[in-house]
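Report on the structure given below.
Every chain is numbered from 1 and lettered A, B, ... according to where its sequence line falls, protein lines coming before strand lines.
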Amino acid sequence: MADASELVTAKQNSRKPAIKLEKVSKNYQMGKILVPALRDVTFEVMAGEFIVFLGPSGSGKTTLLNLIGGLDSPTSGCIIVNDTDITKLSQAQLTNFRRTQIGFIFQFFNLIPTLTATENVEFAAELVKHHRSAEEILHEVGLEERMKHFPSELSGGENQRVAIARALATDPPILLCDEPTGTLDFETGKRIYKLLRVLNQTKGKVVVVVTHNSAIGTIADRVVRLRDGQIAETIHNDHPMDPEGLKW
Amino acid sequence: MADYWISVDYLPLRAITEMNDVPGVVAQGRIVGDVTIDLQLETGEKVSGRVISLPSGEHPEINDVRIESGSYLAPGAQREILLEKRFAEYHQLGPGDWLTIKRDSSKARFKIAGTVVSPEYIWVTKSAQELFTSARTFGVIFMPEERAEGLFGMKGMVNEVNLVLEAGTNPAQALSEVSRILRRYSIIRLTSKDEPIAISTRKIDIIQGVRTAYMIERKDQPSNSLLKQDVDGFRQLAVLFPLLFLSMAALAIYTLLNRLVESQRAQIGLMRALGYGTLQIMFHYMGFALVVGVIGSVLGALLGHAIASFLTSVYAVQLKLPFIVVEPHWYIVGLGALIGIIVPLTAGLLPAWATARMRPAEAMRPPVPRAGHHTLLEVLLPFVSLLPSVLKLPLRNFFRNLRRSFFMAMGVASAIALILVSLSLVDATESLMYTQFEVIQNYDARLHFQGQGAAATASYIEHLQGIQEAEPVLELPYRLQSGDQVADSSILGLPQDSTMYTLLTPEGYPTTVVEDGILLSIPLKNKLGAEPGDEIHLEPFVGSVGETEKTLAGFINEPLGGRAFMPLEEVQKLLRAPGVATGVLLRFDGEPSAALMERLYRLPETASIEFSGEAKRFVDELMGFFWAFIGVMLAMGFALGMAIIFNGVTVNVLERRREIAIMRAVGLSQSRLVIILTLENLLIGCLGVAIGIPLGCYIANYFVAQAEMDIISMTAVIFPRSYVIACVSALVILLVSQIPAIRQVSRLSLPTATKDWSE
Ligand SMILES: Nc1ncnc2c1ncn2[C@@H]1O[C@H](COP(=O)(O)OP(=O)(O)OP(=O)(O)O)[C@@H](O)[C@H]1O
Ligand SMILES: [Mg+2]
């Protein structure tokens with residue numbers, strides 16, 4: 001069966017780590033107070049893996065994603081993404097890294113208000129040579145009716161889907177999703193997770209989702225629990241649930 | 001200083017005593033006459049002088065002089081004189097030096113007792129007709145009464161009466177008393193500038209040989225009226241320029257604050273959502289705007305006063321005024337402060353009010369691009385999408401925020417307009433000087449005769465070694481009248497085929513004098529309001545012959561002067577004196593030799609020789625204040641333009657911090673970001689240029705039209721280089737201005753900036 005063979009390749013790929021964090025710490029300096037957001041975090045994300053980080057508010061989830069995505073640099077430790085230590089990259093190299101390796105879906109959609117849905121996607125797409133057509137991706141996320149709308153004319157869920165489409169535009173191997181369904185209703189949220197799962201399974205994309213919603217953990221290959229900037233627990237899901245069955 | 005100057009041919013001193021008996025009138029008689037000053041240099045250089053009599057030993061009651069060095073005429077002194085300061089300085093003469101004065105064939109040496117300044121000669125000028133008199137060729141000499149009587153052969157007589165009316169005296173009544181006294185001394189008529197006598201009366205006067213007196217009021221006294229015109233000319237500019245600056249500054253402040261409050265839309269929405277009332281929000285922003293306005297106005301007023309003091313001192317140095325007073329004009333300061341406060345207040349309050357009235361939910365969202373879906377961009381969309389994204393983004397930003405783009409472009413446009421207007425004054429002045437001294441005056445020097453001489457002298461001079469060409473000219477002071485408009489000026493008689501004095505039409509084409517008509521310069525045209533074909537009545541100031549009517553044949557563009565032009569022979573005919581001239585225009589073969597100059601000075605007719613270069617330098621010097629004024633305006637234009645553009649660009653970039661952070665987070669490289677922002681700013685800059693150039697031209701034309709004076713007619717000129725300077729500097733300022741803002745956004749912390757909406 002086609003599905004089975006795909007699963008096999010996924011499992012073979014999983015030998016190789018796509019993302020590797022070694023003793024990563026991040027402190028924020030708030031005047032004289034040092035706020036530790038992450039403390040000595042070490043883990044690996046395998047190629048083709050769908051991983052969910054769970055944690056309460058303030059546990060360091062966004063900080064973690066920003067570090068992996070090269071938006072921020074750790075106070076100590078190293079971050080290796082597809083064999084490159086990104087903590088050693090220059091700003092220009094980091095920009096190139098973000099452009100080619102990472103698709104970012106922010107907690108707050110972060111769309112450009114003066115560009116329409118299509119243009120927002122196009123803007124990201126045109127940053128790389130071989131990119132997908134904006135219309136096609138918007139079709140994929142079910143926004144074919146809203147392509148000419150500005151962000152302020154779209155609902156939260158629609159905006160989030162535009163943001164996902166933008167993340168997909170450069171066809172990156174890694175998708176970093178910060179609370180992608182936090183602002184969405186249950187049905188829309190489910191649709192988005194289905195989409196992410198399909199992308200993970202058919203295209204082999206590494207998907208990293210951070211959320212405080214533990215229900216999401218059920219659909220992941222692996223769940224990592226964060227507490228106070230540290231990994232509290234790691235759970236392997238041998239039989240992740242189909243997002244269709246999600247409930248919260 | 002006197003209120004009235006009455007010139008007569010001669011009048012016994014008794015008449016002055018009688019005038020002093022008129023209640024409210026203080027009269028003083030004196031002798032005023034023109035002489036030649038022999039400077040006794042190697043070349044025998046001769047220049048013109050004006051002698052004015054003074055009582056020796058005591059200062060006169062009216063028209064007193066102020067001693068600058070040396071002392072006043074000693075009592076009973078016979079061989080002493082006082083010399084006007086500027087002439088003395090030019091020729092390095094001082095107390096103790098000797099000066100030779102010639103009149104007709106008599107010659108006398110005088111010792112200089114002191115140098116003085118006179119209120120009548122603050123602007124040293126020979127007459128209302130010869131305004132641009134250089135300190136080299138004209139000096140004013142104050143001489144004891146007794147000596148002047150001897151020199152001019154007027155024992156017991158005077159030829160000028162100065163009147164001062166005591167406060168509360170009715171001028172009409174006092175003057176009619178004075179003219180009654182004059183009549184008793186057989187001076188039948190007292191005419192003045194403002195009341196031209198009827199032509200028929202004048203004809204009868206001439207036939208009957210009637211003696212007349214001519215009176216000028218203080219406001220028409222040449223030095224006084226020139227100063228007034230000068231000051232008035234500047235007053236126009238001095239009002240217009242600040243007005244321009246204030247409106248541009250108002251626009252800039254408005255845009256800045258407007259945008260600032262606009263960018264806080266989300267906060268305003270939140271405040272409303274939390275339950276703040278519209279009024280509370282308004283107060284919040286009002287306080288802010290008030291602080292900005294008050295601080296700005298106070299700083300502005302102080303700076304303005306400093307500049308005003310500087311300019312006044314330049315003017316004083318220019319005219320060698322002995323002292324100056326700089327007083328702040330409180331109403332101007334007040335007006336500036338008022339604008340400085342009101343503009344920020346409205347600029348802050350309007351958007352705050354508009355936002356506060358919005359539903360909070362709406363305010364908290366980012367605004368929908370105002371232009372919406374119906375911009376030019378949408379029409380062009382198919383083409384735009386084919387462009388690379390570095391071009392697409394700036395185009396989109398530009399069109400999607402047309403209102404913002406337009407505001408910014410207006411900022412650039414006003415900067416360009418400011419710079420252009422300031423530069424246009426430089427250009428207009430430069431072109432004025434060029435036209436006058438390079439195009440019109442084709443001669444190297446003008447030899448002035450003492451009174452009238454023979455035109456044939458020109459052909460004699462022409463044959464001298466070192467002279468290339470010489471042309472006789474005949475210039476006479478004349479009163480011109482058209483309808484009931486009168487202008488006092490002079491008529492310059494030029495040879496038909498003059499190569500030395502190029503007449504230009506107002507359009508700038510060369511033309512020649514018209515055989516049976518008269519040509520008027522633009523200032524005369526404006527004063528008389530005459531049209532070609534009108535009859536102009538001409539009446540000489542001097543002598544009783546020469547009165548006539550001439551048809552107005554056209555207009556002449558003569559930037560400096562304001563004269564009328566006729567063929568030489570026609571003017572000679574008018575005077576019934578064929579073959580006379582008042583001077584010769586000269587062109588030298590290279591540098592004139594000392595021997596040549598000596599021969600020229602030794603001609604019996606020669607009164608003085610005026611070099612074109614010297615006259616030009618003199619006018620340049622007179623324009624000193626103007627240049628200082630232009631300099632300050634130019635500097636302020638640049639500074640304000642810079643401030644406006646800098647504000648605009650900085651706000652334009654910083655306002656979109658978050659947007660820029662997102663682009664960077666998604667993977668836009670720094671260099672591309674710079675290109676995109678630069679292109680967008682350049683696009684705005686181009687729109688600014690497109691608006692700014694016509695705006696600047698319009699304002700420049702308007703300004704020059706306002707700066708019109710009696711003797712100087714300016715034409716609005718903007719050299720191509722000025723357009724280039726204005727546009728290039730605006731664009732350079734634009735590009736440089738964005739550097740700090742771009743630097744700041746490139747240091748943005750991406751995690752912070754991408755976190756949420758409220759920054
Ligand atoms: N720029 C910053 N300066 C100081 N402290 C910060 C900064 N950003 C985050 N923190 C602190 O670091 C910790 C982790 O923040 P982070 O944003 O990663 O939390 P999170 O897990 O994403 O929370 P949430 O689920 O609410 O988004 C928090 O305690 C926060 O206060
Ligand atoms: Mg977070």
Verify the neighbour count for atom CZ of Phe43(A): are there more than 12 heavy atoms of other residues, nucleotides or ligands below 6.0 Å? yes

Name the region of Ala124(A), side chain, backbone, both or neither, that has any atom closer than 4.5 Å to a heavy atom of chain B. both

What residues of residues 69-85 of chain A sit under 4.5 Å from chain B when only non-hydrogen atoms are counted? Leu71(A), Asp72(A)

Side chain / backbone / both / neither for Phe97(A) at chain B, heavy atoms under 4.5 Å: neither

Can a donor-acceptor pair be found, under 3.5 Å and without considering hydrogens, that links the side chain of Arg98(A) to the backbone of Ala665(B)? yes

With a 4.5 Å heavy-atom cut-off, do Leu115(A) and Leu393(B) have their side chains touching? yes

Arg672(B), part contacting chain A, at a heavy-atom distance under 4.5 Å: side chain

Are any of the side-chain nitrogens in Glu122(A) or Arg396(B) under 4.0 Å away from the carboxylate oxygens of its partner? yes

For residues Leu668(B) and Thr95(A), determine if any side-chain heavy atom of one lies less than 4.5 Å from a side-chain heavy atom of the other. no

CD1 of Ile662(B) to CZ of Phe104(A), rounded to nearest 0.5 Å, is 12.5 Å

Do Gln91(A) and Gln670(B) come close enough that some side-chain heavy atom pair is under 4.5 Å? no

CG on Asn110(A) to CD on Glu659(B), rounded to 0.5 Å: 11.0 Å

Side-chain contact, heavy-atom cut-off 4.5 Å: Arg99(A) with Val666(B)? no

